[in-house]
Amino acid sequence: MTIVRLGYVAMSIELQNCSPSQTMTFAQFKRLNDREAAIRKLERIAASNLENCLRLLKHNAANSIHFFRLSSRLIPLANHEELSDWNYLRPLKDPLKRLGQYIKEHPSRIDFHPDHFVVLNTPQEETLRTSLKTLALHKALLKGMNVDTEHRCVLHVGGGYEDKEKALELFIENWGLVPQSIQRMVMLENDDTTFTLKDTLYLCEKLGIPLVFDYHHHLAHHEDSDWESEWVRVVKTWESSQLPIKMHISSPRSEKEFRAHADYVDVSSFITFLNEIKGTIPEIHCMIEAKQKDGALFRLAEELNEVKGITRIDTSSFEI
DNA sequence: GCCAGTCAAGTCCCG
DNA sequence: CGGGACTTGACTGGC
């Protein structure tokens, strides 16, 4: 018996005018003559993004969705080097607290997926520095919401730098430079171009990092298509975590654009996956990475509902 | 109101 | 070494 819980990413197709990722580019910022006014505008955008996150959480609670990835673009130009004097967190204290309060009252697994500019295995000191700064921002956001920071940020391994083995060792080397409080936030995901499930497992086992298995990436990039025999190892990377194992699901847009994400999740390949892992763990959380966001979640949930052997618990949770 | 082009950040790939 | 692609959603500017 395994409980399967579905989640989705960052924004809703159903809610109108509810983007948590409104932004201002640096070019726009520079074009404004009054720097103070420009900073106030950044703060208004950030506050509005957090406000929209709250609306999204309410939408989730109303629909029994308890697993959600927050946008990593909540604060435009945060950590930009020319805005280093800007204390972007101070005006966000209250909105963050409100989010935290809501999460406490309507428990939900919340996490982040900082974008691909965070590269922990980079050979460049400067890039590592800005990556750590970005992760520190994520940590501050979690703290502001009073959410336990453990295993909340999914990252990719990073660049291949023409020698994958060396790049893996570089990750291990740099990991030693990552503050412990940030280390404990991190989960690693197999990617679709460079680091396979096996490569990522190597790091996760060595460094004690939970592995987020991306099934679609695995199909797109592997030495050996067999993932089933590695599943026990994946599960094991979660043993020290407080949180249930988590994975990503999405479907190829087409045979030609295999790596691109489709609008919806193909239910039959998902069921094939579920049948493989059924009973191996008490609970699994599946993050749907589809263009139609919550729309894809609702459709998949409807389809699962029709399947024999799958019992619905609520809109987004099932027992198999 | 619609569409094409632009945007902080990194890496890869091509010339 | 320089520049474009990649990928993504938001937003601007031109029509």
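Reminder, nothing fancy here: chain letters follow the sequence lines and each chain counts from 1.
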Engineer: Choose from dA8(B), dT11(B), dA10(C) the nucleotide whose nearest atom is closest to any side-chain atom of Tyr161(A).
Structural biologist: dT11(B)
Engineer: Are Glu36(A) and Arg40(A) close enough for a salt bridge, meaning some N to O gap below 4.0 Å?
Structural biologist: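 Answer for the salt bridge query: yes.
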Engineer: Rounded to the Å, how far apart are Asp115(A) CG and dA8(B) P?
Structural biologist: 13 Å
Engineer: Among dC7(B), dG10(B), dC11(C), which nucleotide sits nearest the side chain of Val119(A)?
Structural biologist: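 Nucleotide nearest to Val119(A)'s side chain: dG10(B).
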Engineer: Distance check needed: dA10(C) P versus Ile75(A) CD1, whole Å only.
Structural biologist: 17 Å
Engineer: Under a 3.5 Å cut-off on both pairing distances, which runs of 3 or more consecutive Watson-Crick or G-U pairs involve DNA chain C?
Structural biologist: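 So far as stems of 3 or more pairs are concerned, DNA chain C shows B:1-7 with C:9-15, B:10-15 with C:1-6.
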Engineer: Taking only the P atom of each, what is the distance from dG5(B) to dG4(C) in whole angstrom?
Structural biologist: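 One P to the other, the span is 14 Å.
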Engineer: Applying the side chain to side chain contact (heavy atoms under 4.5 Å, CB included) criterion to Leu211(A), which one of Leu201(A), Val154(A), Leu188(A) satisfies it?
Structural biologist: Leu201(A)
Engineer: Think Thr25(A) has a side-chain N or O under 4.0 angstrom from the OP1 or OP2 of dT6(B)?
Structural biologist: no
Engineer: State which of dA9(B), dA8(B), dT11(B) makes the closest approach to the side chain of Thr127(A).
Structural biologist: dT11(B)
Engineer: May I ask you to say what Ala167(A) touches in the nucleic acid, namely base, sugar-phosphate or nothing, with a heavy-atom cut-off under 4.0 Å?
Structural biologist: nothing
Engineer: Does Thr130(A) have a side-chain nitrogen or oxygen under 4.0 Å from the phosphate oxygens OP1 or OP2 of dA9(B)?
Structural biologist: no
Engineer: Please give the distance between the P atoms of dT12(C) and dA8(B) as a whole number of Å.
Structural biologist: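 One P to the other, the span is 13 Å.
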Engineer: So which nucleotide from dA10(C), dT7(C), dT11(B) ends up closest to the side chain of Ser21(A)?
Structural biologist: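 Between dA10(C), dT7(C), dT11(B), the one nearest the side chain of Ser21(A) would be dA10(C).
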Engineer: So, OP1 or OP2 of dT11(B): does either fall under 4.0 Å of a side-chain N or O from Thr122(A)?
Structural biologist: yes
Engineer: Going hydrophobic residue to hydrophobic residue with side-chain gaps under 4.5 angstrom, can you get from Ile65(A) over to Ile13(A)?
Structural biologist: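 Ile65(A) and Ile13(A): separate clusters.
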Engineer: Is Lys236(A) salt-bridged to Glu205(A), cutoff N-O under 4.0 Å?
Structural biologist: no
Engineer: How many Å lie between CZ on Phe26(A) and P on dC7(B), as a whole number?
Structural biologist: 13 Å
Engineer: Just jot down the side-chain contact (heavy atoms from CB on, under 4.5 Å) partners of Ala301(A), sequence neighbours excluded, or say none.
Structural biologist: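 Partners of Ala301(A) under the side-chain contact (heavy atoms from CB on, under 4.5 Å) test: Leu6(A), Phe318(A).
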Engineer: Is the centre of the His156(A) ring less than 6.0 Å from the centre of the Phe195(A) ring?
Structural biologist: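 Here the rings of Phe195(A) and His156(A) have centres that are no less than 6.0 Å from each other.
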Engineer: Considering every strand and a 4.0 Å limit on heavy-atom distances, what is the contact class for Gln124(A): base, sugar-phosphate, or nothing?
Structural biologist: sugar-phosphate
Engineer: According to a strict under-4.0 Å criterion, is Lys291(A) in side-chain N/O contact with OP1 or OP2 of dT8(C)?
Structural biologist: yes
Engineer: Taking Asn17(A)'s backbone N and O only, do any of them form a donor-acceptor pair with Arg55(A)'s side chain (distance below 3.5 Å, no angle check)?
Structural biologist: yes
Engineer: For the C1' atoms, the ones on dT7(C) and on dC2(B), what distance do you get once it is rounded to whole angstrom?
Structural biologist: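 Those two atoms are separated by 23 Å.
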Engineer: Please state the P separation for the pair dA10(C) and dG10(B) - nearest whole angstrom.
Structural biologist: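 So the two P atoms sit 23 Å from each other.
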Engineer: Establish, with yes or no, whether the OP1 or OP2 oxygen of dG9(C) is under 4.0 angstrom from a side-chain nitrogen or oxygen of Lys293(A).
Structural biologist: yes
Engineer: Could you tell me whether Asp85(A) and Arg35(A) make a salt bridge, using a distance below 4.0 angstrom between a side-chain N and a carboxylate O?
Structural biologist: yes
Engineer: For Asn79(A) and dA9(B), give me the distance from atom CG to atom C1', rounded to whole Å.
Structural biologist: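 Answer to the nearest Å: 10 Å.
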Engineer: Could you give the side-chain donor-acceptor pairs of residues 136-145 of chain A under 3.5 Å, partners two or more places apart or in another chain?
Structural biologist:
from: His138(A); atom 1: ND1; to: Thr134(A); atom 2: O; distance (Å): 2.8
from: His138(A); atom 1: NE2; to: Ser72(A); atom 2: OG; distance (Å): 2.8
from: Lys139(A); atom 1: NZ; to: Ser181(A); atom 2: OG; distance (Å): 2.9

Engineer: May I have the distance from Glu125(A) (atom CD) to dA9(B) (atom C1'), rounded to whole angstrom?
Structural biologist: 18 Å
Engineer: May I ask whether Phe117(A) stacks on the base of dA9(B), given the cut-offs of 5.5 Å between ring centres and 30° between planes?
Structural biologist: yes
Engineer: State which of dC12(B), dC11(C), dG9(C) makes the closest approach to the side chain of Gln22(A).
Structural biologist: dC11(C)
Engineer: Provide, to the nearest angstrom, the distance between the CG atom belonging to Asn49(A) and the P atom belonging to dC11(C).
Structural biologist: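 Atom-to-atom, Asn49(A) to dC11(C), this comes out as 8 Å.
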Engineer: Can you check whether Arg259(A) has a side-chain N or O nearer than 4.0 Å to OP1 or OP2 of dT7(C)?
Structural biologist: yes
Engineer: Find the distance Leu32(A):CG to dC11(C):P and express it as a whole number of Å.
Structural biologist: 14 Å
Engineer: Contact class for Gly160(A) (heavy atom, under 4.0 Å): base, sugar-phosphate, or nothing?
Structural biologist: sugar-phosphate
Engineer: dC6(C) P sits how many Å from His116(A) NE2, rounded?
Structural biologist: 13 Å
